[in-house]
Structures are given as structure tokens and as C-alpha cells.
Amino acid sequence: MTGLPMTVISGYLGAGKTTLINRLLAADHGLKLMILVNDFGAINIDEGLLASKDEDTIALTNGCVCCTMGADLFLALADALDRSPRPDHLIVEASGVSDPARIANAALAEPDLRYAGIVTVVDGPQYEGLGADPLIGPQVRDQVKKADLIVVTKMTGDAQVPGLAEDARVEVLDADDTRALVDLVFADPSAAPLPSSDMPHPSYIGWSCQVSTGIDLEALREGLTHRPAGLFRVKGSVADPSGAIWDVQVVGHQIEITPATDARDTTLVGIGLSERVSTDEIDHWWSRMSLPA
Amino acid sequence: MSDITVFEAKSIVTMDLTVPEATHVAVRDGRILAVGGAGCGDAWGHVTHDASLSGTVLMPGLVEGHAHMMAGAIWDYAYTGYHDRIDPEGRMWGGLSSLDAVVARLAEIEATLPPDAPLIGWGFDPIFLPGDRLSRAHLDQVSTTRPIAILFSNFHLMCVNSAALELAQYSAATNVEGVVKGADGAPTGELQEMAAMFPIMRRLGIDFRALSQRESAIRSYAHVATRAGVTTVTDLFSQLEDEDLDVMLAVTGEEDFPLRIVPALAASGDPVALADRALKLKARSTDKVRLGAVKLMTDGSIQGWTARVKWPGYVGGQPNGIWNMAPDQIRSTCAGLHAAGVQMHIHVNGDEASEIVIDALSEAMQVASWPDHGHVLQHGQMMDDAQFRRCADIGISVNLFANHLWYFGDQHVALTIGEDRANRMDAVRSALDAGLTVGIHSDAPVTPMGPLFTAWCAVNRQTMSGKVLGEAQRISVPEALYAITLGAARTLKLDDEIGSISVGKRADFAVLGANPLHVAPEALKDISILGTVLGGKVCLL
């Protein structure tokens with residue numbers, strides 16, 4: 001069984017996590033999302049999309065559900081896994097001071113879950129001040145350092161977020177670019193064909209490659225660590241020099257190479273932001289590193 | 001007219017100034033009718049004399065102001081700790097002082113389990129066992145086929161055997177933070193923090209909520225309490241789902257159930273919704289279950305270096321701890337709950353956390369007036385005189401973690417905050433001198449429930465190595481007895497009903513083998529507990 005993908009949405013109080021969640025719930029992605037939130041306080045569902053609502057669950061007509069998780073997040077995670085039918089994608093809203101890696105780590109540990117990244121929401125104009133706050137600064141900056149993708153809110157134009165560059169080592173998206181977020185974080189890069197024909201101007205590019213030769217796993221890990229900026233996700237399988245098959249999952253800076261549970265094609269697929277990277281650049285990178293071991 | 005029972009005791013320590021000592025107490029309708037000599041109840045009609053407690057000493061039923069329901073059902077698991085400990089059924093489990101002893105105990109218990117059950121242990125603490133670290137190799141000696149998981153005493157770590165590793169699909173190829181690996185590249189069996197423990201907990205059915213809410217857990221908790229002479233206990237950080245509350249009300253509602261429980265709702269989310277939920281819960285209170293308070297978690301623990309501490313920080317240079325609630329959120333939650341009239345129990349270990357909370361409550365009080373709010377700072381381990389004085393100014397009570405002095409005092413001197421601040425940890429003397437309402441507690445199952453032991457800690461301030469930590473912060477025996485009765489009752493806003501043997505209050509007593517005012521202060525912890533009386537019903541062990 002393939003694991004249920006889990007994304008953690010992190011960010012300090014007031015950064016805009018709930019706004020992002022409202023958009024994800026309503027966006028036209030065709031996925032049955034399950035979103036665990038701290039409370040329904042600011043969850044705002046268009047009446048036309050609302051299927052039912054009770055004290056701890058909101059169900060939408062598009063198949064998405066939003067649940068409150070109370071004070072025990074891991075209990076809620078276990079409940080989500082026991083839910084039938086399973087959703088397509090699980091999203092967990094971390095509390096304003098949580099270390100998102102402590103939550104997302106469960107997706108790496110639990111065989112029934114799959115790590116799909118940490119998205120940290122940053123209030124652009126507030127970031128520098130919060131980061132310098134002696135009480136809360138270290139925890140706020142840590143959320144950015146742990147992120148696989150950063151979503152910036154409340155910035156106008158192309159202005160850079162003061163202080164963000166020194167903490168962020170991953171892609172930064174604008175919160176209004178919900179489409180790119182959905183494409184990068186929730187879409188399955190192996191779903192063919194990419195890009196789909198009904199999206200004339202996709203924000204992402206797809207890349208795929210048959211891997212025929214045995215690859216040294218350390219070299220692969222090293223290569224993936226230094227892949228072109230903008231290539232956000234890579235997944236698939238490779239064979240090592242002995243012929244053993246390994247699964248590869250890359251999200252942001254998280255790289256997982258684990259023994260494959262069954263034989264399969266040795267193919268890698270990738271997805272990246274079209275503004276930041278081209279398939280030619282990815283091909284070039286791959287051709288330099290995928291030499292026979 | 002209802003029956004009147006007059007209990008006779010060797011002596012009765014009433015904690016009531018008007019009649020401090022007595023020999024008889026008359027009870028009607030579960031409440032105290034009269035206190036004094038043999039004839040104390042005669043004016044009220046026909047009395048029945050009960051001599052079953054005549055060889056004992058009675059005190060007001062002891063009040064444990066900070067503990068967790070899990071302290072009972074955790075005994076479903078095998079105890080593997082370093083200290084001697086008594087289970088809810090009264091069996092003494094000797095402390096285990098080597099890994100060999102841990103393996104031997106587990107093997108003994110393993111032999112009694114049905115074939116498909118996992119073996120789960122608790123209470124293990126490597127800090128007390130020098131040498132080898134517990135690993136799957138030790139646990140594989142117990143069984144290579146039955147999954148085994150040993151929870152450490154802090155509940156943040158566990159160690160599992162090879163069979164359990166396999167269930168979770170942990171192997172040399174696993175690359176997950178918290179899955180500890182040895183020199184050979186294979187997992188050692190030690191798993192750190194919830195995420196790494198999660199796959200094991202799911203597959204072995206370790207469920208902290210069930211340990212706190214199912215019927216047997218509530219009964220177990222009552223056994224633990226009765227063995228400690230406790231008649232009113234808290235469950236501070238409860239999820240209180242509707243179906244769980246139904247079970248609790250049904251079990252506690254049984255006439256012979258010997259305990260009053262004060263659960264505090266775990267704070268999360270929007271303060272307005274939280275206050276609304278707390279007030280709805282309050283309306284479901286009974287004489288045995290008192291609802292309506294909320295528990296806030298602000299920082300972590302001092303011995304885990306996660307408490308938020310002020311300058312000069314941790315003695316080993318560790319980074320300052322973590323907030324479980326952001327200071328902004330502490331402020332908004334305090335403001336919202338205070339304005340709605342919801343009493344708060346607020347976890348603060350480090351002195352920066354206590355300071356932020358005092359600030360937050362002070363701000364909340366400038367907006368909404370509620371003089372007898374009764375908010376309580378829980379643990380308050382590093383609070384100094386200035387913080388106590390501010391608490392006195394605005395009516396905040398404290399419930400201090402006196403058991404820490406004995407269990408972790410030496411570690412605090414050497415490893416966490418250093419000697420100066422360790423000497424003023426859990427500063428009960430300063431808190432009393434500031435005029436505060438003071439309780440002292442065990443935080444069971446973190447340390448064993450036993451208010452007389454807790455009182456001993458506050459009176460003697462002795463660590464495990466025999467060192468006295470801050471002699472000037474010692475309190476007298478009568479002050480300590482007040483803290484485990486009326487003081488704790490006041491932190492729960494129940495001092496009009498319990499906490500002293502006074503006419504009109506509930507007939508809740510601790511039944512003791514000796515008078516705590518007559519034994520040496522060093523012997524307080526050795527006084528035997530014979531049982532309790534709850535609402536006039538005798539429950540002897």
C-alpha cells in the first residue's frame with residue numbers, strides 16, 4: 001500500500017495559515033483533502049460548497065473534509081489513518097509555535113504515511129521583527145528553516161521579505177499563487193500527462209527520466225541535494241549497482257531513499273516551478289550525475 | 001430523619017482553628033455534623049457509634065492538586081523504574097537498579113501474557129542506570145517474537161525489541177530523526193519523541209487517551225488515590241470528549257466510588273470557543289466530578305531543558321526552552337477565559353514562563369474585574385520572591401512541585417539551572433510569606449501520588465543524594481499539612497466543601513496510622529495510610 005501523503009502547514013500566529021487552508025479547501029484540484037486544524041475559528045467555507053458541519057467536522061461537496069484535532073495531534077493523526085475511505089492527501093495545521101518537523105517526522109516514520117513536505121506561511125512585513133523578538137524569534141525562524149516551501153503573505157509587488165533570505169533555503173511562493181502551491185505540493189508528479197492540456201499556462205514543469213544503469217546511492221543523494229533550484233519534487237525508483245531497487249522520494253530538502261517493496265520500473269519523475277527551472281536544465285543536471293557507478 | 005454516625009478515632013487533626021484536635025466526628029447525609037468528644041452529635045438526635053476507626057488518626061481527606069488520570073491505568077503496563085513503587089492494588093514493585101534486573105522482571109511478566117499480546121513497560125529512566133544504554137539486544141533476551149516496548153518515565157522516549165522494530169518497518173535503511181542507530185548502522189531500539197514512537201504506539205495499541213478515560217482507568221485512579229489518603233484529585237489536562245465524560249460521570253456516580261475528581265479541560269484553539277466549552281462542562285458537574293476549569297500548557301520541563309528560563313539561562317549553556325503556546329496566545333487566552341469567568345490552571349516551569357503569565361493575567365484583570373478568579377500557576381518551580389509578591393497583589397495562587405526537590409534536585413544543581421536557583425526552587429516558604437494560597441503536588445504519574453511524601457519534601461527539602469536544597473525555604477509540618485488539604489482545596493475553589501474537618505463540609509477523611517503532628521518531621525513520609533472516608537463511607541485498604 002502506498003502511504004497517505006501528509007503536508008504540514010506551519011507558521012506563526014496571524015501569518016495566514018487559515019487563509020491558505022480556506023483556499024486549499026475551495027481550490028479546483030480534484031483531490032479529496034483532509035485537513036486537521038486547531039479550531040474552526042476562521043475557517044470560512046462558501047455556503048455553496050458546504051455539505052455538512054458539526055462540532056468537529058466540516059464536510060465539503062468537493063469531497064474535502066476539515067476536522068479539529070483538539071489538544072492531541074498524534075491521536076488525530078491515528079484517527080485520520082483509520083478513516084475509511086482514506087483521503088487523497090492529509091494536511092495538518094501546526095499550532096503557531098509548533099516545530100513543524102516534529103509533526104512531519106511522523107510521515108517519515110509511519111509506513112502508512114508519506115512525507116509531502118512542510119509549508120511555512122510567513123507574514124512578510126512582520127517577519128524581521130518577529131525573528132528578532134527575544135521571546136519568540138528563535139521558534140519563528142526555526143519554522144522557516146525547517147520548511148520545504150515558504151508561502152509569503154501580505155507583501156505587495158515583488159518586494160523581498162526583510163530578513164527572510166538568511167533563514168530560508170527553499171522555494172518562496174506568494175500566497176496568492178494558490179495554483180502553484182497546489183501543483184507543487186498536492187499534485188502527483190507521476191500523474192501523466194504533464195502538463196495537462198486544460199491548463200494552458202501551468203506554473204510548473206514536469207520532467208521524467210528512465211534510469212537504466214545502476215546508481216551509487218550516496219552519489220544519488222549528493223546529486224539530489226544539489227539539484228537545480230526550482231525542482232521541488234522528485235519521485236520514482238532506481239537500481240543500485242547490485243541491481244537492488246530503491247524508492248526515491250524528494251520533497252523540498254527532504255530526501256528519502258528506501259528499499260522498494262516490489263520490483264518496478266526504474267524511472268524518476270520531477271516537478272518544478274516553470275519560472276525557476278526548465279526541463280533542459282534538469283536534463284543537464286541529471287546527465288552530469290547519472291553516470292554508471 | 002437521616003442516620004447520624006459518630007466516628008471515633010485516636011485523634012482527629014481537623015485543620016480547623018476552632019477545634020484543632022478532637023476524638024470524634026459526627027456525620028449525617030455524608031457531611032460533617034459535629035466535631036469534638038463522644039457526645040458531639042447527641043444534640044442532633046439518635047446517633048450510632050462506629051468504632052472501626054478508633055485506633056487510627058483522621059485528617060481531612062488529602063487533596064492532590066496536580067496529577068493525571070493516567071497514574072492509575074499506566075499500571076496495566078510493566079513497571080521498570082528505578083524507585084520502589086506501589087501499584088493500585090497495593091503490591092510493592094521493587095526499584096530496578098540494573099538492566100539485568102529490568103530484563104529479569106520483563107521475562108517474568110512476559111511468561112504470563114497471552115500469545116498475541118505485546119509486552120509494554122513504563123517508568124524506565126536511564127539517568128539512574130550508569131553504563132549500558134537499554135537497547136533491543138536487552139529486550140530480545142526477553143522475546144524475539146513478541147513485540148516489546150518500554151516507555152521511559154518522561155513519556156518522550158521508548159525502547160523496543162527487534163520484533164517491534166520489524167512491525168514498524170524500521171531497519172538500517174530507515175533515516176528518520178528519533179530512530180536511534182548504533183555503530184553497526186541498525187536501529188538500537190531507542191525511539192525519541194512522538195513521531196518516531198507513533199508507528200509503534202499505533203501497532204501495539206498504546207493509547208494515552210484510553211489510559212485516561214476508559215472505565216478501568218478511572219477505577220484504577222481511585223485505587224491510587226485511596227492508597228495515598230487522597231479523597232479529591234485533579235486530572236489536569238483532560239480532553240473531556242462527551243463520550244468520555246459520560247463514562248466518568250457514570251463510574252464516579254456509583255455510591256461506593258471513593259473519590260472526587262476535578263478535571264481541567266486541555267486548552268487549545270480559540271479562547272471564545274474554549275470558554276464556551278468550559279462553561280458548558282461546568283454545568284455537568286456533580287458532587288464527585290467538578291468541571292469548568294481549563295489547563296494551559298505554556299513551556300516545557302526544566303530537566304528536559306525545554307522550560308523557558310530567565311537570565312542566566314541553563315548552566316550547561318543549552319538554548320532557552322520552547323513555548324507550547326506563544327506569549328501572544330497566552331495573553332489572548334488568559335484575557336478571553338478571565339473575561340468569561342473561567343478559572344485557569346497554568347503550567348509554568350521556567351521563570352520566564354511564570355513572568356509572562358503573571359503579565360498576561362495582570363493585563364486581563366485591567367479589562368475585566370473578577371476578584372475571586374482563583375487562577376493558579378502550576379509547578380512555578382523557579383518563581384522568586386518578586387513573582388510571588390505580584391501574584392499576591394492580583395490574587396493568583398500557586399501549586400508548587402515539591403516532589404521535584406527529592407527526585408530531580410541533584411540534577412537541577414549539576415545539569416539544569418545550577419545551585420543558586422536550585423536552592424530556591426519550589427520556594428514554598430517564600431510563597432507562604434508573600435501571603436499566597438499554596439498547594440504542593442506530585443504530578444503523578446511523573447512522580448508517585450502521595451501528599452504526605454510531598455509534604456515531607458517541602459518540610460525537609462532533601463534530594464536523593466541526601467543534600468538539603470535551600471534550607472531557608474523549608475516549611476513547618478503544620479504548614480505542609482495545610483498545603484495538602486486546605487491549600488490545595490483553595491486552588492480548586494473547593495475550600496468551602498473540603499480541606500478541613502469542619503461542620504457543614506463533606507465527611508471526607510484520610511485514615512492514618514500515626515498523627516503527623518506528633519512524628520518527627522523526617523518521618524512524615526513513613527506514616528501509614530490505612531484508607532479514606534468519602535462522604536461518610538469508609539474505604540479501608
Side-chain angles (χ1 to χ4, degrees), chain A residues 12-14 18 37-43 55-56 68-79 81-82 93 95-99 101-113 115 130 133-140 142 217 221 244 246-247 254-261, chain B residues 167-179 191-203 207-210 212 237-242 265-274 277 295 297-299 308 319-330 332 352-353 355-356:
Chain A
Y12 189 63
L13 305 169
T18 308
V37 297
N38 293 303
D39 65 79
F40 287 157
I43 296 292
E55 208 168 291
D56 15 68
T68 57
M69 61 187 143
D72 191 336
L73 179 140
F74 285 92
L75 210 66
L77 274 189
D79 288 346
L81 281 170
D82 292 341
E93 179 199 14
S95 84
V97 285
S98 290
D99 173 353
R102 289 168 76 98
I103 304 169
N105 203 20
L108 296 171
E110 169 55 57
D112 293 344
L113 288 171
Y115 184 96
L130 274 174
D133 182 324
L135 288 180
I136 205 67
Q139 276 172 268
V140 170
D142 192 54
L217 298 181
R221 183 177 288 278
W246 296 77
D247 286 335
Q254 185 66 47
I255 298 167
E256 284 180 273
I257 302 175
T258 52
T261 44
Chain B
L167 267 185
Q169 299 174 31
Y170 285 150
S171 70
T174 303
N175 197 6
V176 175
E177 194 181 329
V179 179
L191 305 175
Q192 302 175 342
E193 298 300 334
M194 267 308 293
M197 288 162 40
F198 177 71
I200 299 285
M201 294 182 66
R202 265 191 90 213
R203 285 164 181 77
D207 179 344
F208 289 146
R209 179 173 159 209
S212 298
F237 207 66
S238 180
Q239 304 296 321
L240 289 169
E241 304 289 343
D242 284 343
L265 175 65
S268 68
D270 168 52
V272 175
L274 183 63
R277 181 126 190 275
K295 166 91 177 277
M297 291 289 294
T298 65
D299 66 343
R308 287 291 307 202
N320 204 345
I322 53 154
W323 296 105
N324 284 305
M325 286 175 87
D328 284 347
Q329 204 177 4
I330 293 170
S332 63
E352 188 175 72
E355 184 149 295
I356 290 288

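Here is how names work: the chains are called A, B, and so on, in the same order as the sequence lines, proteins then strands, and each is numbered from 1.
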Any Lys/Arg nitrogen of A/Glu110 or B/Arg203 sitting under 4.0 Å from an Asp/Glu carboxylate oxygen of the other?
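Yes, this pair counts.
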Relative to chain A, which of [options] shows the most heavy atom pairs under 4.5 Å?
options	value
B/Gln169, B/Met201, B/Glu193, B/Arg202	B/Arg202
B/Arg209, B/Glu241, B/Gln239	B/Gln239
B/Ala195, B/Ala173, B/Gly178	B/Ala195
B/Met197, B/Gln329, B/Met194	B/Met194
B/Pro199, B/Ala273, B/Ala168, B/Gly269	B/Pro199

Part of A/Tyr12 lying under 4.5 Å from any heavy atom of chain B
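For A/Tyr12, the side chain is the part near chain B, not the backbone.
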Chain B heavy atoms under 4.5 Å from A/Gln139: which part of the residue, side chain, backbone, both or neither?
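When you check distances to chain B, only side chain atoms of A/Gln139 fall under 4.5 Å.
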How long is the straight-line distance from CD1 of A/Ile103 back to OG of A/Ser98, given to the nearest 0.5 Å?
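So the OG of A/Ser98 and the CD1 of A/Ile103 are separated by 4.5 Å.
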Interatomic spacing from OG in B/Ser268 to CZ in B/Arg277 - rounded to 0.5 Å
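CZ of B/Arg277 is found 8.0 Å from OG of B/Ser268.
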Heavy-atom pair count under 4.5 Å with chain B, highest-scoring of A/Ile136, A/Asp39, A/Asp56, A/Leu135
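Of A/Ile136, A/Asp39, A/Asp56, A/Leu135, A/Leu135 has the most heavy-atom pairs under 4.5 Å with chain B.
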Top contributor to chain B contacts, counting heavy-atom pairs under 4.5 Å, from A/Leu81, A/Asp99, A/Leu108, A/Thr258
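Most heavy-atom pairs within the cutoff with chain B belong to A/Leu81.
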Please give me the minimum heavy-atom distance between A/Pro259 and A/Trp246, naming the atom from each residue.
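In terms of heavy atoms, the two residues are closest at N-CE3, 3.4 Å.
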Side-chain donor or acceptor of [X] paired with backbone N/O of [Y] under 3.5 Å:
X	Y	value
B/Asp299	B/Trp323	no
B/Glu352	B/Arg308	no
B/Tyr170	B/Ala196	yes

Below 4.5 Å from any heavy atom of chain A, which atoms of [X] appear? Answer side chain, backbone, both or neither.
X	result
B/Phe208	neither
B/Ile356	side chain
B/Asn320	neither
B/Ala326	both

Can you list, pair by pair, the side-chain donor-acceptor contacts under 3.5 Å of residues 71-79 of chain A, counting residues two or more places apart and other chains?
from, atom 1, to, atom 2, distance (Å)
A/Asp72, OD1, A/Phe74, N, 3.2
A/Asp72, OD1, A/Leu75, N, 3.1

If you count heavy atoms of other groups shown closer than 6.0 angstrom to CD of B/Glu177, is the number above 12?
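Check fails, neighbour count at 12 or below.
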